[in-house]
Amino acid sequence: MTYKPKSEFLQVMQTRGFLSDCTDMEGLDEAFLSGIVPGYIGFDATADSMHIGNMLQLMLLRWLQKTGHKPIFLIGGGTTKIGDPSGKDESRQLLTAEMINKNIEGYRKAADKYVKFGDGPTDAIVANNADWLDALNYVEFLRDYGRHFTINRMLTFDSVKLRLEREQPLTFLEFNYMLLQAYDFMELNRRFGCRLQMGGSDQWGNIVNGIDLTRRVNGAEVFGMTSPLITRADGSKMGKSVSGAIWLNEDKLSAYEFWQYWRNTLDADVGRFMKLFTELPIEECDRYGALVGAEINEAKIILANEVTTLLHGAEAAKTAEATAREVFEKGGIGDDLPTVTLSAADAGEAVSIVQLFVMAGLAASGKEAKRLIAENGARVNDELITDAGQMIPSAAIADTLKLSAGKKRHALIKLG
């Protein structure tokens with residue numbers, strides 16, 4: 001029989017689909033009922049912006065705060081220098097300290113949209129594991145904490161086992177990652193009274209290690225909880241589009257493009273994504289998810305508006321919807337569409353249509369653009385393009401062109 005939690009946070013986790021595994025559900029439930037629980041999620045700063053793949057974890061921290069508890073946003077300034085082997089077939093490219101610091105700034109931009117940081121009892125705090133990992137004496141670290149880990153057990157964790165089964169190299173540097181992540185939990189417990197680590201289901205082994213170490217060294221009762229790894233109904237990975245990753249910072253991806261990604265959600269995913277990525281009541285999520293035909297398209301607009309409002313604000317969501325209706329329903333240009341500005345030197349006297357589709361991000365390569373044209377999927381100002389060799393005069397670009405790849409992807413090209 002499934003345990004039915006009494007605390008609001010775990011009820012939200014269970015009913016909205018956030019919960020995969022928990023080390024001690026009843027114990028954690030009691031902890032939530034007894035007072036404010038500080039809980040953390042760690043993010044290695046591997047890019048200059050977070051992306052859709054991070055959103056589930058950001059929503060976990062948001063719900064933790066909304067239900068009266070304290071989020072700890074842990075930035076892996078130290079662990080980013082090594083790289084988490086979980087779910088990876090090869091070693092991650094090592095980043096310099098300067099690159100990591102720049103990436104940390106980008107991560108904070110998105111985090112600020114989902115949780116409130118401050119000095120209050122339930123205000124979120126930022127921690128950077130470089131504060132303690134960079135100062136570690138390696139010999140002392142191995143002597144004091146290495147004895148709590150066995151190679152036998154470490155080899156059973158998926159992050160190690162799967163890499164070895166595929167005969168992919170796992171460096172000793174990466175092998176140390178799970179020790180450092182365990183040390184993070186112990187240090188956060190010691191510094192901030194952290195009692196909960198959360199993460200994706202691929203982090204289960206790392207979380208269990210952290211709980212064991214914290215109990216052994218600090219003598220503290222701590223807990224771990226994982227959420228499922230989210231894929232789309234067709235099995236594809238979430239957060240990928242033809243033009244690349246779906247970034248959360250607007251300087252990397254416009255609010256309109258972000259909105260459009262959610263508007264294009266598969267019918268079967270609408271209700272589930274509403275539960276995970278919005279704060280709409282469960283009953284509404286179920287009702288919208290059960291719609292069919294034209295009605296499900298309106299539900300997708302509601303989903304896109306709700307998700308975009310959380311990240312970019314209500315005005316950005318409203319503008320994105322208006323732009324979409326202008327483009328799709330009225331055949332207009334839509335001023336808020338993603339825009340690429342060409343210099344006069346780049347445009348010359350004329351530019352090939354293939355180049356324009358690549359520049360606009362509507363095709364990943366010239367070959368892909370030609371295939372799009374051959375399959376009657378390319379339009380300029382809503383006119384079908386059939387000749388992949390067509391040249392577009394710079395004078396036409398000066399008036400702004402709307403490029404369309406299929407029915408759902410559009411961009412503007414203009415001269416600067």
Would a distance-only check, ignoring hydrogens and angles, find a side-chain to backbone donor-acceptor pair under 3.5 Å from [X] to [Y]?
{"X": "Gln11", "Y": "Pro5", "result": "yes"}
{"X": "Thr80", "Y": "Ala45", "result": "yes"}
{"X": "Asn189", "Y": "Phe185", "result": "no"}
{"X": "Thr67", "Y": "Leu64", "result": "yes"}
{"X": "Asn209", "Y": "Ala182", "result": "no"}
{"X": "Tyr107", "Y": "Asp44", "result": "yes"}
{"X": "Arg232", "Y": "Thr265", "result": "no"}
{"X": "Thr214", "Y": "Met186", "result": "yes"}
{"X": "Asn54", "Y": "His51", "result": "yes"}
{"X": "Arg379", "Y": "Ser404", "result": "no"}

Minimum side-chain heavy-atom gap [X]-[Y] below 4.5 Å:
{"X": "Val307", "Y": "Phe258", "value": "yes"}
{"X": "Leu60", "Y": "Met13", "value": "yes"}
{"X": "Met99", "Y": "Asp48", "value": "no"}
{"X": "Ile301", "Y": "Glu298", "value": "yes"}
{"X": "Glu306", "Y": "Met274", "value": "no"}
{"X": "Asp184", "Y": "Trp132", "value": "yes"}
{"X": "Met59", "Y": "Leu276", "value": "no"}
{"X": "Leu372", "Y": "Phe357", "value": "yes"}

_Counting only heavy atoms from other residues, nucleotides and ligands, does the tally under 6.0 Å from NZ of Lys113 exceed 12?_
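Atom NZ in Lys113 is packed in, count exceeds 12.
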Exercise: identify the closest heavy-atom pair between [X] and [Y]:
{"X": "Asn128", "Y": "Gly76", "value": "OD1-C, 4.3 Å"}
{"X": "Ser201", "Y": "Ser20", "value": "CB-OG, 4.1 Å"}
{"X": "Gln57", "Y": "Gly200", "value": "NE2-N, 3.8 Å"}
{"X": "Ala317", "Y": "Thr309", "value": "CB-OG1, 3.4 Å"}
{"X": "Gly120", "Y": "Lys70", "value": "O-NZ, 3.1 Å"}

Check: [X]/[Y] side-chain N/O donor and acceptor closer than 3.5 Å:
{"X": "Ser365", "Y": "Glu368", "value": "no"}
{"X": "Gln203", "Y": "Gln181", "value": "yes"}
{"X": "Asp29", "Y": "Tyr3", "value": "yes"}
{"X": "Gln260", "Y": "Tyr256", "value": "yes"}

*Step by step, would you call Glu187 with Arg190 a salt bridge (Lys or Arg N to Asp or Glu O under 4.0 Å)?*
CA-CA 5 Å; Glu187 196 66 33; Arg190 181 184 290 162; 3.4 Å; yes
*Taking side-chain hydrogen bond (donor to acceptor under 3.5 Å, both in side chains) as the test, write out the residues that go with Lys116, two or more places apart.*
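Lys116 satisfies side-chain hydrogen bond (donor to acceptor under 3.5 Å, both in side chains) with Asp123 once adjacent residues are dropped.
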Any chance you could measure [X], atom [atom1], to [Y], atom [atom2], to the nearest 0.5 Å?
{"X": "Asp21", "Y": "Ser227", "atom1": "CG", "atom2": "OG", "result": "10.0 Å"}
{"X": "Ile41", "Y": "Ile207", "atom1": "CD1", "atom2": "CD1", "result": "9.0 Å"}
{"X": "Met25", "Y": "Ser7", "atom1": "CE", "atom2": "OG", "result": "8.5 Å"}
{"X": "Thr319", "Y": "His312", "atom1": "OG1", "atom2": "NE2", "result": "12.0 Å"}
{"X": "Ile353", "Y": "Ile373", "atom1": "CD1", "atom2": "CD1", "result": "6.0 Å"}

*asked:* Under the criterion salt bridge (Lys or Arg N to Asp or Glu O under 4.0 Å), I'd like the reasoning laid out for Glu321 against Arg325: C-alpha separation, chi angles, the key distance, then a yes or no.
replied: CA-CA 6 Å; Glu321 181 184 354; Arg325 292 192 184 279; 2.9 Å; yes
*For Ala31, enumerate each residue passing the side-chain contact (heavy atoms from CB on, under 4.5 Å) test, keeping only those at least two apart in sequence or located in another chain.*
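Ala31 satisfies side-chain contact (heavy atoms from CB on, under 4.5 Å) with Val37, Arg195, Phe223 once adjacent residues are dropped.
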*Residues that Ala304 engages under side-chain contact (heavy atoms from CB on, under 4.5 Å), provided they are two or more places apart*: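 Once residues adjacent in sequence are excluded, the partners of Ala304 under the side-chain contact (heavy atoms from CB on, under 4.5 Å) criterion are Trp259, Trp262, Arg263.
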*Would you mind telling me which of Leu196, Ile72, Ile125 makes a side-chain contact (heavy atoms from CB on, under 4.5 Å) with Leu188?*
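Of all the options given, the one that passes is Ile72.
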*Check Leu266, Asp286, Ile230 against Arg272 for a side-chain contact (heavy atoms from CB on, under 4.5 Å) and give me the one that passes.*
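Of all the options given, the one that passes is Ile230.
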*Between Asp131 and Arg191, is the closest basic N to carboxylate O distance under 4.0 Å?*
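Result for this pair is no, no salt bridge flagged.
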